Amino acid sequence: MRKYVIMGVQGSGKGTQAVRLAEAYELEHISVGDIFRWNVQHHTKLGAQVRRIMERGELVGDDLVEAVVQRRLDEHDWNYGFVVDGFPRNAVQAEFFLESYDIDAVIYVDMPDEEVERRVLARRLCSNCGMDYNLIAHRPQEDDTCDVCGGELARRDDDNPEALAQRLADYHAKTAPVLELFERKEVIVRIDATGTKDDVFAATVSELHLP
Ligand code: AMP
């Protein structure tokens with residue numbers, strides 16, 4: 001079975017590629033952020049534990065994240081492959097993962113900080129229906145107005161230059177050790193994420209030697 005982990009900074013297009021890969025090769029897309037969001041929306045006990053942490057943009061504690069990943073992978077039917085998205089995010093999580101699971105490859109979606117900044121600062125969300133736009137790649141027909149519902153477009157609160165710089169610094173500090181740990185045991189496939197979605201997908205398929 002094809003078992004992958006996908007890593008990349010927020011804004012690198014990692015989530016999009018994970019979904020595409022999952023669809024094309026019948027892999028289960030296991031996104032830790034999505035599991036948390038589902039729990040918050042459905043008012044579970046886990047949701048209550050993580051809601052405030054997520055609202056502040058902080059990371060959920062390692063024990064809780066590991067328990068969630070373990071439970072999700074225990075539930076998984078191992079006749080199917082998967083792509084784990086958003087985990088591990090630091091060295092402690094990576095060690096836990098390496099001790100417990102064998103994977104085929106780590107897909108590292110690599111984008112220079114300047115490009116992440118350019119893209120993330122162009123992101124807009126409809127404050128009414130949640131539709132997302134990008135002033136570079138997907139402009140609304142009328143400035144600041146949602147094409148679908150006419151709602152006002154706004155930046156996410158944490159998409160400002162200061163918060164983004166903080167996120168990038170955090171990401172590099174925590175992710176470099178994860179890559180080092182993985183490099184000792186797993187195949188790491190680095191994908192240049194600066195091209196179009198199709199280019200990045202084609203490069204991923206080729207690097208992973210997928211049909
Ligand atoms: P994401 O959708 O990957 O951006 O995750 C949304 C939020 O879920 C993050 O801001 C964290 O609060 C939490 N989260 C997701 N994955 C992890 C992880 N591996 N470790 C800690 N917190 C996480």
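One-based numbering, in listed order, for ligands and for the atoms of each. Since this is a predicted model, take the numbers as computed values, not measurements.
- Looking at Arg37 and Asp34, a side-chain N of the basic residue comes within less than 4.0 Å of a carboxylate O on the acidic one, giving a salt bridge.
- The closest protein non-hydrogen atom to atom 20 (N) of ligand 1 is Gln93 NE2, 2.9 Å.
- Both the sub-6.0 Å distance and the 45° axial angle are not jointly satisfied by Arg124 relative to the ring of Tyr133.
- For Thr44 and Asn39, the side-chain atoms include at least one donor-acceptor pair closer than 3.5 Å.
- The nearest heavy-atom contact from the protein to atom 6 (C) of ligand 1 is Arg37 NH1, 3.6 Å.
- Between Ile53 and ligand 1, not a single N/O pair is under 3.5 Å apart.
- Transitive grouping of hydrophobic side chains (ILVMFWY, heavy atoms separated by less than 4.5 Å) brings Ile6 and Val205 into a common cluster.
- Closest protein heavy atom to atom 19 (N) of ligand 1: Gly86 O, 2.9 Å.
- Nearest non-hydrogen protein atom to atom 3 (O) of ligand 1 is Arg89 NH1, 3.1 Å.
- Residue Val60 has at least one nitrogen or oxygen atom sitting less than 3.5 Å from a nitrogen or oxygen atom of ligand 1, judged on distance alone.
- Looking from atom 11 (C) of ligand 1 to the surrounding protein, the closest heavy atom is Glu58 O, 3.4 Å.
- Comment: Arg51 engages Glu55 in a salt bridge, judged by a side-chain N to carboxylate O separation of less than 4.0 angstrom.
- The six-membered or imidazole ring of His76 lies near that of Phe82, with a centre-to-centre distance under 6.0 Å.
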Exercise. Mind running side-chain contact (heavy atoms from CB on, under 4.5 Å) on Phe36 and Val68 for me, showing each step along the way?
Key: CA-CA 9 Å; Phe36 284 144; Val68 165; 3.9 Å; yes
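- For atom 23 (C) of ligand 1, the candidate residues are Phe87, Phe36, Phe97; the nearest heavy-atom contact is made by Phe36.
- The Gln10 neighbourhood of ligand 1 comprises atoms 4 (O), with distances under 4.0 Å to a heavy atom of that residue.
- Close approach to Val32 involves these atoms of ligand 1, each under 4.0 Å from a residue heavy atom: 16 (N).
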